[in-house]
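Have a look at the structure below before the remarks.
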Amino acid sequence: MNKRKQTILLQRLLDGEASAKERVETDHLLEDSDRARREFDYLRQSDTQLGRLGHFPVSSTYDRTFREKLEAIPAPWPEKEEEAKGLTWLDFMLPLTVARIGRVAAMLILLAGAVIALPFLTRGTLPRIGTVTGTAHIYSAREADWIKASAGMTVRAGDILRTSGASSLELASATRYVLKISGNSELVVRRVVRSRRTGDTTLALKTGSMATRTMDGFEGSVLSIDTPLGRSIVRGTAFKLEVGPEGMTNLSVAEDLVVLISFYRQKDTPATVQVNEGWTSALHQESYPEKPRRMTAGQLKVLIEELDDLGRRPELIATDDQGALREQFLTLILSDTPNRVDELLKKPVLFVGPSTPPEVKDLLVQAGELVRKGDYTGSVRLLRRILDKYPDRHYNSTLELLLGSYYYGLLDLPKQALAIFDRVARSGDPRWSSLARIAIARIHERMAEESYRKVLDMDQAGVDAVKANERLDTLSKSTKSGKNN
Amino acid sequence: MKNDINSLSDEALAAQFKFGRDVEAFNVLHNRYRGRILNYLCRGLGNYQRAEELTQEVFIKVYRSLPRIRRIDNIRAWIYAVAHNCLRMEYRKMKRQPIRVVSLNSLFVKNDGEEINIHDFIANHKRDPNRIFRQKNLEVKIQNALMRLSPELREVLILCVIQGESYLEAARTLNIPRGTVSTRLIRARNKFNQALGIKPGQSINEFVNE
């Protein structure tokens, strides 16, 4: 055994840190070796001398001064009441196992986080508002306020969609369904499942009517629509639902079948009927669903036409007929406010002459495709890219006119639209600059109209209201004369 | 009730103070450790008055920090660690000053449960003043030898030999590995013996009678 190891062993024995084996070893060492005994005594000397030191008592003034110092400092506990809970058995257990529990808890939290995050990583998109005709509002559950509905807005569970008068609103879930709410209707979005595989949606039609068409991607999903008296459950179909006074519900099916369940029950048995293609049924208060009856040929034709139009957007039409193109733009720009978006979507026009390069044609087709999907911002971005990439082309004025119409009609950005129309008006191209000037005048008129209407909303009997009414009359006359010209 | 509190463990007292906002629990903890901390600091500093002030500072830090600490699994080690940090701070302040030598004025002795200054004790006591004085003189000599050690060696000697802490507890207090405690202790013992003038092979009685 070397000297260092011997010293360590002897010291461990002296300090009571030696194991049983070490004690036996050192006992033998002390018996056999003089040198070890001398070293042990030498080490022990320090302990003996230090042991002679007395114990310092606490002075009599210590407690008083300490208490004074303690009273001078504020309470050390946190302010929040919830952090100062009463003492529980856990507080006594915690110190012993806190590190272990902490590690396990951290792992569990990570695991739970991964499990929670997985569906979010693979979830689908939320339904969006498509075309809005007239005035429609959405109650955003997130913002807890009513806001004006516009194309492209996402809809979440808890939101309420409301249309007034002759207005209408389309709601589309990317590839699953598209529904159109007609005027004076209220639709509550109760549940939206954002899964890639299924996109179950639960809605509640409080009043009014709605037409629904499911799309190819709907397979495996369930669309459930509640009315005050019952529930319609859909698996891939096209149908129309109407809610009248006292919750009276009418269901007309154009394709496949819809299950209609009445909330009226006796002996806990739900009353259910299946309404097949070309059939209709109704729900009345405190009764089972009406026995389905066949629609007349005329009724079915109207329904099919209405549902066919739903969610189908025409592709971007390219034409080289400048006269027809000018006429279409004029109709588009001068169309009355509630119908301008519909007009715009039904007749998206673009001048494509024989010298238009094929790559531009491809981009225009892509822009049209995006409009069809309801991605107006994407389409606008693409049109802008064409303008940036191929400046000073003969067709650019028509592109800019279309872009301006998109900005104004779809994205509700009048200032940006005015800037674009202004550029076309100043381009000096006689074919399109006059159209752009008309568009500018029309936008200004509409903006003035909106301002006067706001004045009327605020005060309907004051001097300002009289003036606003006069100006509105003048504007309406000038619009009519402009149309006739 | 008071007896119940006194029988609680350090950790239970700390939890009661932290979660139950019970100042009485802190007082019990304070009474339990103030003497040991005072001695630890006093031996480390060699100055009774300053050690007492520092003890109060230590317990004020404990009072302030206890509600905020996460782990209350070894309160004894934690209080010693707070005291150790205070001592290190004090060493830094002392670096500019010459080595302190313990004065007899700072020595107290107990007389019928009441501590009095050694001069008063000698003046009033029936025992042989020379013997008392010789004993106290030896204490001063030992303390001065202790003060000649470096702070690292002194602390390990105070904790393991005077305070009777295990290697593990001392390692926790000083925040060093257990093996380092053992190594430092060997060096501290050798240096301390050298400072006292104890030679290898010399018996204990020989040194005392010198």
Side-chain angles (χ1 to χ4, degrees), chain A residues 4 7-8 10-12 14-17 34-35 37-39 41-63 65-78 83-99 102, chain B residues 11-12 14-16 18-21 30 34-35 38-39 42-43 48 51-52 55-56 59-60 63-68 70-74 107-110 114-115 135 138-139 142-143 145-146 157 160-162 166-167 182-183 185-186 188-190 192-193 196 198 200-204 207:
Chain A
R4 182 175 166 74
T7 314
I8 289 172
L10 292 171
Q11 182 174 262
R12 286 177 71 82
L14 189 64
D15 295 327
E17 297 270 335
D34 274 347
R35 208 181 97 191
R37 271 199 299 276
R38 273 204 303 278
E39 191 175 5
D41 283 342
Y42 184 67
L43 289 172
R44 209 168 49 169
Q45 280 274 20
S46 57
D47 289 33
T48 313
Q49 302 310 329
L50 287 168
R52 290 177 195 277
L53 289 172
H55 183 79
F56 287 108
V58 176
S59 74
S60 55
T61 55
Y62 174 92
D63 280 334
T65 50
F66 181 65
R67 214 173 296 121
E68 282 169 6
K69 282 182 184 174
L70 214 57
E71 281 166 7
I73 59 170
W77 299 281
E83 284 183 35
K85 291 171 191 164
L87 198 65
T88 62
W89 63 270
L90 197 63
D91 299 322
F92 292 95
M93 292 294 292
L94 209 58
L96 304 168
T97 53
V98 72
Chain B
E11 286 69 36
Q16 190 144 330
K18 182 180 175 179
F19 301 106
R21 301 192 171 197
H30 171 241
R34 63 178 182 177
L38 174 70
N39 276 273
C42 203
R43 292 296 167 208
Y48 180 84
E52 200 173 68
T55 307
Q56 291 183 345
F59 280 99
I60 282 169
Y63 179 77
R64 276 183 172 153
S65 313
L66 199 51
R68 290 201 303 272
R70 284 184 189 172
R71 293 181 60 165
I72 47 174
D73 56 341
N74 195 342
L107 293 180
F108 288 76
V109 285
K110 276 204 172 181
E114 190 187 343
E115 60 273 7
Q135 192 190 334
L138 183 65
E139 275 189 36
I142 294 167
Q143 178 67 41
L146 202 57
L157 209 57
C160 294
V161 181
I162 301 174
S166 68
Y167 288 2
S182 172
T183 320
L185 203 51
I186 294 169
R189 280 189 163 118
N190 286 329
F192 176 74
N193 284 348
L196 269 182
I198 302 170
Q202 189 177 17
S203 76
I204 292 162
F207 167 73

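Labels below follow one simple rule: chain letters A, B, ... track the order of the sequence lines, proteins then strands, and each chain is numbered from 1.
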Exercise. Which bit of Glu17(A) comes within less than 4.5 Å of chain B, counting heavy atoms only: side chain, backbone, both or neither?
Worked result: side chain

Exercise. Measuring heavy-atom distances to chain A, does Leu38(B) have an atom under 4.5 Å in its side chain, in its backbone, in both, or in neither?
Worked result: side chain

Problem set entry | side-chain hydrogen bond (donor to acceptor under 3.5 Å, both in side chains) partner of Asp41(A), chosen from Gln45(A), Arg38(A), Arg37(A), Arg44(A) | Arg44(A)

Exercise. If you look at every heavy atom in Tyr48(B) and Pro57(A), which pair is closest and at what distance?
Worked result: OH-O, 2.6 Å

Problem set entry | Top of Val161(B), Asn39(B), Ile186(B), Leu185(B) for chain A proximity - count of heavy-atom pairs under 4.5 angstrom | Asn39(B)

For this session: Heavy-atom distances under 4.5 Å only: say whether Leu66(B) touches chain A with side chain, backbone, both or neither.
Result: neither

Problem set entry | Heavy-atom side-chain contact between Leu157(B) and Arg43(B) under 4.5 Å | no

For this session: Identify which part of Leu14(A) has an atom lying under 4.5 Å from any heavy atom of chain B, answering side chain, backbone, both or neither.
Result: side chain

Exercise. Considering only heavy atoms, which portion of Ser65(B) lies under 4.5 Å from any heavy atom of chain A: side chain, backbone, both, or neither?
Worked result: neither

Seminar exercise, completed: Between the OH atom in Tyr42(A) and the CZ atom in Arg189(B), the distance rounded to the nearest 0.5 Å is 12.0 Å

Problem set entry | Asn193(B) side-chain N/O to Ile198(B) backbone N/O, donor-acceptor pair under 3.5 Å | no

Problem set entry | Check: Leu146(B) and Gln49(A) side chains under 4.5 Å, non-hydrogen atoms | no

For this session: Side chain from CB out, backbone as N, CA, C, O: work out which of these in Phe192(B) comes under 4.5 Å of a heavy atom of chain A, or both, or neither.
Result: side chain

For this session: Go through the atoms of Ile162(B) and report whether side chain, backbone, both or neither lie under 4.5 Å from a heavy atom of chain A.
Result: side chain

Problem set entry | Glu52(B) side chain vs Ser59(A) backbone, donor-acceptor pair below 3.5 Å | yes

Seminar exercise, completed: So, the part of Arg4(A) with a heavy atom under 4.5 Å from chain B: the answer is side chain

